[in-house]
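None of the values given here were measured: they were computed from a predicted structure. Chain identifiers are assigned alphabetically (A, B, ...) following the order of the sequence lines, protein sequences preceding nucleic acid strands; residue numbering begins at 1 within each chain. These numbers come from the heavy atoms of this one structure, side chains and all, not from hydrogens, waters or symmetry mates.
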Amino acid sequence: MPEGHTLHRLARLHHERYAGRPVRVLSPQGRFAASAALLDGAQFERAEAHGKHLFHVHGPDLVVHVHLGLYGGFTESEVPLEEPRGKVRMRLIGRTHGTDLRGPTRCELLTDDEVAALRERLGPDPLRADADPERAWQRISRSRTSIAALLLDQEVLAGAGNVYRAEVLFRHGVAPRTPGRDLGRQRWELIWADLVELMAHGAKIGRIDTVRPEHDPEVTGRAPRQDRHGGEVYVYRRTGQPCLVCATPVQFAELSGRNLYWCPTCQAR
DNA sequence: GCCTTATGTTCAC
DNA sequence: TGAACCTAAGGCT
């Protein structure tokens, strides 16, 4: 679940639930207990996301930074809440709803300076209005590293994960191992614009859908399919299955420890 | 029920 | 490059 669109969706939800009112902050598991005690009962000012990082601003130098990692997650329910199930790192309780956080890679209290330093290291986020895609292009256009690896580098581009990487490269017919410096500025601008649109759509509907209407299996007559991540995709996790456009079997390889999927025919460039 | 896997990152070697 | 982090779902028996 946790690519950038998920975190932006959570930021919106948490903002709607808690912003502008006092909130209870607990750590039933204990690992966040000391920080939770400092926040408990104070105002929740706002929530925002940058890439895959989520920030709960409770006040000056009182910012909870959450990174879900591979399998962290939030669950929500209405008050009154039941006893925590499993290891709940952080529990927020507002007027109408409560939110539990389990299994995050990071859940920590940061000062404003620490947040600024962290965000300084992140590349532009397609889901943020203040993003500057030129900054990413400066890195990409000077790099011999593959565009596939660069798209996952959060210092180059913040928020894209393995699904968006595979899908956006497919949609633009780009071979994953193309060096960044060979991508071309125009193609980069198209990829960025596409990420802005795809990820905004993902944040809105809560899943990753990347297949254009004309390639929808329902329309083309191919058997309908849905990956277990819940959306409709061209190549992600479709190893060996026919490409939705040209029927070539989808290829798989491991690249820097991450799973990579592509169509060797559609992505020959 | 047990095993594998995962949309991620950091750290040790 | 590999392990660790530590959760849930899916596939298998």
Could you tell me whether the phosphate oxygens of C/dC5, OP1 or OP2, come under 4.0 Å of any side-chain nitrogen or oxygen in A/Tyr71?
no
*asked:* Under a 3.5 Å threshold, yes or no: a donor from one side chain and an acceptor from the other, between A/Thr210 and A/Arg171?
replied: no
Margin query: Are the side chains of A/Arg46 and A/Glu48 in contact, using a 4.5 Å heavy-atom criterion?
Written below: yes
Closest of B/dA6, B/dT9, C/dT7 to the A/Arg237 side chain is B/dA6
Residues in residues 102-110 of chain A with a heavy atom under 4.0 Å of DNA chain C, by number, are A/Arg102, A/Gly103
- Taking only the side-chain nitrogens and oxygens of A/Asn259, find out if one of them lies under 4.0 Å from OP1 or OP2 of B/dT5. no
In whole angstroms, the gap separating C1' of B/dA6 from CD of A/Glu3 amounts to 11 Å
Taking B/dT9, C/dT7, B/dA6 as options, the one with an atom nearest any side-chain atom of A/Lys87 is C/dT7
With side chains defined as the heavy atoms from C-beta onward, is the minimum distance between A/Thr178 and A/Ser146 less than 4.5 Å?
no
To the nearest angstrom, the CG-P distance between A/Leu152 and B/dA6 comes to 14 Å
Is the closest side-chain heavy-atom distance between A/Val250 and A/Trp262 below 4.5 Å? no
Do A/Leu68 and A/Leu10 come within less than 4.5 Å of each other through their side chains, counting heavy atoms only? yes
Exercise. Is any side-chain N or O of A/Lys52 closer than 4.0 Å to OP1 or OP2 of B/dT9?
Worked result: yes
Residues joined to A/Leu122 in its hydrophobic cluster, side chain to side chain under 4.5 Å directly or through other members, sorted by chain and number, are A/Phe55, A/Val57, A/Val63, A/Leu110, A/Val115, A/Leu118
Handout entry: Audit row: A/Tyr18, A/His97, ring pair (Phe, Tyr, Trp, His ring centres under 6.0 Å) steps and yes/no
Key = CA-CA 9 Å; A/Tyr18 304 114; A/His97 291 76; 8.1 Å; no
* **C1' spacing across the pair C/dA8 / B/dT10, given as an integer number of angstrom** => 22 Å
From OH of A/Tyr164 across to P of B/dA6 the rounded distance in Å is 19 Å
Between B/dT7 and A/Arg165, is there an OP1 or OP2 to side-chain N/O distance shorter than 4.0 Å?
no
In whole angstroms, the gap separating P of C/dT7 from CZ of A/Phe74 amounts to 14 Å
C/dT1 and B/dT7, which share atom name C1', separated by this distance in whole Å:
22 Å
